[in-house]
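Notes follow the structure.
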Amino acid sequence: MLRRSGRSARPRDGRRRRYVTAFSIALGVIWVPVATFLLTAPPSFESRVGLILPGAGASTSINLSEIGQATSSAPPAYASASLSPTVTYKNLLLSDVVLDRAATALQTHAPSIGKPVIKLVDETSLIRFTMKGRTPAEAFDRARAVLEAFQSALDTLRDDEIRRRQHSTTDAIGQYAESVRAIRSRIGDLQVSAGLNSTAQYDGMVAAAETLRARLVEARASAEEASGAVDALVASLGITPDVAAKTIRLHADPEFNALMTSVGKAAAETAEFGARFGPNHPVMSAARTRLAGATAQALRRAVLLTGLSEAALTREIDRSASGNRGELLSKLITLAADRDGRASQMLSLKADYERAEARVRSLLEPATRLGSLDRDYKIAEAVFASALARIDTVKADVFASYPMTQILEPPTMPEAPSRLRQLLAVVGGLAATGCFGLGLFLAWMRHGIIERLVDLRRRPDGSSRDLVGDGGLATA
């Protein structure tokens, strides 16, 4: 078809000259600016910077013994699928804040330093950007200024976040501190009014009262046991402990014993004379008189020593306090003293227990209130201490919202200028030349192509259509 089209469209010399002239003009229009750019464009140098974002999270926990706990946790930077810190940092690098700070550091205007060309490496946490300059030092300084401005902007954002968190926490801490002071004041007032320092003191009082009660039960049983032993011995001897003590005291007196010896001698003489003489014999009368006198003296001495009546002494005076009876009397006195001691101890314990029980009952309601206030105070103190500790954990967790960045590749000093712009200019010139040449070629071949299309559209009967209405090809 092309051969036929070429044969049917042999150009004349004037047409060839027009196409050559048009192509020459197009080459001049395209390549003169390209050549001018290649010859006059200043060299461009690029300084590259590489950053990496660690992906690990951070967790901080503070345990306050018997008070509470404060925990701070920062999730990994890439834990959320809807939020990418690399994209956030890319936009921050392109922001006016970073560029203005970099321009201020370079003592120039932001538009003059240009914007960084940023590349995010897929499936990694790498950020690479380049800065251009007319000299290697200028490109290096711009890259370094942008990097420092970027890090300064991150520090500013982190400081602002920490300050805002601390401000909100500080407001809450004031309320917590006021709550702690109020509860502490109520506890102090209750302690003063009730005379109770703590619930532990009240528990000690309850335990002491229970101990007194147990001791009182034991003392009562012991006193009853001692009283039973005394009663049994009194029934056996037929004498009370008081009389037994006085009897022992009486028989321990030397004068009384001497008088009793005289009474014994007088009684022996009276019995001897009674066997020999008659009752009215003068010797018997004298013996009876001596016996009565000795007995009277012994009774007076006994009354003086014991304070008992003569009737009581008459019954006891003839009973011997020596031998087994003396031992039993001594035992009776000992048991009676033990009984009295145990009874006295029981009464003392009873009085102590009643006082302790009354004290426990009177402090029951204040102790209950104090226990409730103590629990409230511990809770308030734990919340207050946890809030204080949270301030420190917030300070430590500076990378919670803005992950830490590490410089993987510091700003480089370019050794050779970048040829990218020149290469793009040449590629653009070649592309424009090719497109214009293709257009001239199609214009050169249009008559042959039109005739071929007309042949294909002829009717079967040999007639031809009017191609003007079908697109104006014949006219073309």
Side-chain angles (χ1 to χ4, degrees), residues 61-71 169 172-234 241-242 331-393:
S61 179
I62 299 177
N63 291 315
L64 307 174
S65 179
E66 299 181 358
I67 295 180
Q69 180 180 8
T71 302
T169 306
I173 285 177
Q175 299 177 1
Y176 299 153
E178 181 60 30
S179 176
V180 171
R181 284 193 295 269
I183 297 176
R184 182 69 263 179
S185 177
R186 292 171 58 189
I187 290 176
D189 294 340
L190 181 59
Q191 288 174 339
V192 172
S193 62
L196 184 64
N197 293 328
S198 63
T199 54
Q201 180 186 4
Y202 180 76
D203 293 339
M205 292 181 180
V206 173
E210 288 298 316
T211 302
L212 287 174
R213 186 184 67 81
R215 290 178 60 189
L216 177 60
V217 171
E218 294 177 359
R220 182 179 289 112
S222 178
E224 291 177 354
E225 180 182 359
S227 179
V230 170
D231 293 341
L233 195 54
V234 166
D242 183 59
K331 184 177 180 180
L332 176 61
I333 295 171
T334 301
L335 290 176
D338 181 61
R339 179 199 62 184
D340 295 341
R342 295 186 182 186
S344 177
Q345 181 185 16
M346 182 188 68
L347 294 176
S348 178
L349 288 174
K350 182 178 180 181
D352 292 341
Y353 172 70
E354 290 176 351
R355 285 193 298 269
E357 186 68 16
R359 179 66 172 164
V360 167
R361 289 197 186 98
S362 65
L363 292 178
L364 177 60
E365 192 272 336
T368 303
R369 290 169 52 200
L370 185 60
S372 178
L373 289 176
D374 281 337
R375 286 190 297 272
D376 295 342
Y377 179 76
K378 289 181 179 179
I379 293 174
E381 187 180 22
V383 173
F384 177 64
S386 299
L388 289 178
R390 197 179 306 121
I391 293 180
D392 295 332
T393 59

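Given the structure is predicted, the values throughout are model-derived calculations rather than measurements.
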Quiz prompt | Contact summary for Thr199 and Ala367, nearest pair of heavy atoms | solution = CG2-O, 3.8 Å

Practice problem: State whether Glu365 and Arg369 are salt-bridged, where the test is any N-O pair (Lys NZ or Arg NE/NH1/NH2 against Asp/Glu carboxylate O) under 4.0 Å. | Solution: yes

Using a 3.5 Å cut-off and no angle test, enumerate the donor-acceptor pairs between side-chain atoms of residues 335-343 and protein atoms at least two apart in sequence or in another chain.
unit_1 : atom_1 : unit_2 : atom_2 : d
Asp338 : OD1    : Arg342 : NE     : 3.4
Asp338 : OD2    : Arg342 : NE     : 3.0
Asp338 : OD2    : Arg342 : NH2    : 3.4
Arg342 : NE     : Ser222 : OG     : 3.0
Arg342 : NH1    : Ser222 : O      : 3.1
Arg342 : NH1    : Ser222 : OG     : 2.5

Show me, pair by pair, the donor-acceptor contacts under 3.5 angstrom made by side chains of residues 187-194, not counting sequence neighbours?
unit_1 : atom_1 : unit_2 : atom_2 : d
Gln191 : NE2    : Asn197 : O      : 2.4
Ser193 : OG     : Asp189 : O      : 3.1
Ser193 : OG     : Leu190 : O      : 3.1

Mind listing the side-chain donor-acceptor pairs of residues 347-356 below 3.5 Å, one per line with the distance, residues two or more places apart or on another chain?
unit_1 : atom_1 : unit_2 : atom_2 : d
Asp352 : OD1    : Arg355 : NH2    : 2.1

Quiz prompt | For the student: nearest non-hydrogen atoms of Leu363 and Leu196, plus distance | solution = CD1-CD1, 4.2 Å

Quiz item: So, does Tyr202 use its side chain to make a donor-acceptor pair with the main chain of Val360 at under 3.5 Å?
Solution: yes

Exercise. Taking Ser362 for its side chain and Ala358 for its backbone only, find out whether a donor-acceptor pair lies under 3.5 Å.
Key: yes

Self-check item: Verdict with reasoning, Arg215 to Glu218, per salt bridge (charged side-chain N to carboxylate O under 4.0 Å, His left out)
Solution: CA-CA 5 Å; Arg215 290 178 60 189; Glu218 294 177 359; over 6 Å; no

Quiz prompt | Nearest heavy-atom neighbours spanning Met346 and Ala223 | solution = SD-CB, 4.4 Å

Practice problem: May I ask you to say whether Glu210 pairs ionically with Arg213, meaning some side-chain N is under 4.0 Å from a carboxylate O? | Solution: yes

Self-check item: Sidechain N-carboxylate O distance under 4.0 Å for Glu381, Lys378
Solution: no

Quiz item: If you round to the nearest 0.5 Å, how far is OG of Ser179 from OH of Tyr377?
Solution: 10.5 Å

Practice problem: With side chain to side chain contact (heavy atoms under 4.5 Å, CB included) as the test, would you mind laying out the steps for Leu216 and Leu212 before giving the verdict? | Solution: CA-CA 6 Å; Leu216 177 60; Leu212 287 174; over 6 Å; no

